[in-house]
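Heads up, the thing below is written out as structure tokens.
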Protein chains: 2
Amino acid sequence: MAINDVECCDTFQTHEELLKIVRAKMPDEDMLYDMAELFKVFGDSTRIRILYILFEAEVCVCDLAQALNMTQSAISHQLKILKQSKLVKSRREGKSVFYSLADSHVRTIIAQGREHVEE
Amino acid sequence: MAINDVECCDTFQTHEELLKIVRAKMPDEDMLYDMAELFKVFGDSTRIRILYILFEAEVCVCDLAQALNMTQSAISHQLKILKQSKLVKSRREGKSVFYSLADSHVRTIIAQGREHVEE
DNA sequence: TAAACATATGAACAGTTGTTCAAATGTTGA
DNA sequence: TCAACATTTGAACAACTGTTCATATGTTTA
């Protein structure tokens, strides 16, 4: 009996195989951490709102603040998080900074999440 | 000038159009909240690990605890969250409870998240 | 029924998160 | 250079989250 076949709920004949598969297919710790960090970014309705606006247009910070009826500071903090995750990019034009989507995965992830919730 | 065209960063000629689009396409508050709640569930590496195991097989709680080297209680708490979000389903067989994926969106969302992080 | 096993649950704790407020930075035009 | 505007940043605070520990619930078998 292999080391990892510790007795557990009387199904331990499958443990060795399971553990083998898990070790082979499980992403490494850094990847798992990065994925969790990414999904945390989607886990806030303010940020989802921002993304929905950016689905339609490239907009400046004060436009976002106004459209979402929130302070410019709160929006700016959230944009920083979205930018750090490389979900949005920014471009300065004079006094204003315009934000837009940086990535096509955003739409897919949001769409799948919405589909799941709608069921 | 429409009520919502408040002056803002000298681009207010586009505000009316933007606000119109946003009102039309933005999901309602409940939907946004539910979507954020769903993504929060993906925003924890323990839960992502659990999902990766369930990609491969239907497993019982103690198998998960063993494969992830965590306490049975911690796993059970996380399974409850995954079940509440309808990402996993469970089936009792004697003393054991077996968990499996409940939904095909899970794979897509995880895959897209991983792709984004890998870039 | 009692003992052993598998799982679920509630309280508690440290750690994290989103907003607000005040202040700093960066940009333009007078 | 100065004033006005747009944005960013840091500290602070309440609210939330994941794990642990102790205990409860559910199931099987002796």
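OP1 or OP2 of C:dT9 lies within a sub-4.0 Å distance of a side-chain N or O belonging to B:K80. Within the 4.0 Å cut-off from OP1 or OP2 of C:dA8, at least one side-chain nitrogen or oxygen of B:Y99 is found.
Residue pairs satisfying the salt bridge (charged side-chain N to carboxylate O under 4.0 Å, His left out) criterion with at least one member in residues 66-91 of chain A, sequence neighbours excluded, are listed as follows: A:E58-A:R91, A:R91-A:E93.
Partners of A:E29 according to the salt bridge (charged side-chain N to carboxylate O under 4.0 Å, His left out) rule, which considers only residues two or more places apart in sequence or in another chain, do not exist here. Under the side-chain contact (heavy atoms from CB on, under 4.5 Å) criterion, B:V41 pairs with B:R47, B:I81, B:L82, B:S85, B:L87, not counting sequence neighbours. Scanning for ring-ring contact (aromatic ring centres under 6.0 Å, His included) contacts around A:F42 gives B:F39, with sequence neighbours left out. Remark: A:V117 pairs with B:M31, B:D34, B:M35, B:L38 by the side-chain contact (heavy atoms from CB on, under 4.5 Å) rule, at least two apart or across chains. B:A74 meets the side-chain contact (heavy atoms from CB on, under 4.5 Å) test with B:M70, B:T71; sequence neighbours excluded. Residues passing the side-chain contact (heavy atoms from CB on, under 4.5 Å) test with A:E119 are B:D103, B:H105, sequence neighbours excluded. Residues satisfying the side-chain hydrogen bond (donor to acceptor under 3.5 Å, both in side chains) test with A:E37, not counting sequence neighbours, are A:K40. Remark: A:F55 engages A:Y52 in a ring-ring contact (aromatic ring centres under 6.0 Å, His included) (not counting sequence neighbours).
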Would you tabulate the pairs of protein nitrogen or oxygen atoms and nucleotide nitrogen or oxygen atoms of nucleotides 18-21 of chain C closer than 3.5 angstrom?
residue	atom	partner	partner atom	Å
C:dG18	OP1	A:R47	NH1	3.0
C:dG18	OP1	A:R47	NH2	2.5
C:dG18	OP2	A:R47	NH1	3.3
C:dT19	OP1	A:T46	OG1	2.7
C:dT19	OP2	A:Q78	NE2	2.3
C:dT20	OP2	A:T71	OG1	3.4
C:dT20	O4	A:H77	NE2	3.2
C:dC21	N4	A:S73	OG	2.7

Under-3.5 Å N/O pairs linking protein and nucleotides 24-30 of chain C:
none

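Regarding B:F98, its CZ atom lies at a distance of 17 Å from the C1' atom of C:dA8, rounded to whole Å. Distance, B:R91 CZ to D:dG26 C1': 17 Å, rounded to whole Å. The CD atom of B:Q66 sits 16 Å away from the C1' atom of C:dT7 (whole-angstrom rounding). In this structure, the CD1 atom of B:I75 is 15 Å from the P atom of D:dC21, given to the nearest Å.
Contact detail for A:T46 and A:L68: the closest heavy-atom pair is O-CD1, 4.4 Å.
Looking only at distances, no side-chain donor or acceptor of B:R49 sits under 3.5 Å from a matching main-chain atom of B:L51.
Contact annotation: side chain of B:Q72 to base of C:dA8, donor-acceptor pair present below 3.5 Å.
Annotation: proximity of residues 28-38 of chain A to DNA chain C (heavy atom, distance under 4.0 Å) is found for no residue.
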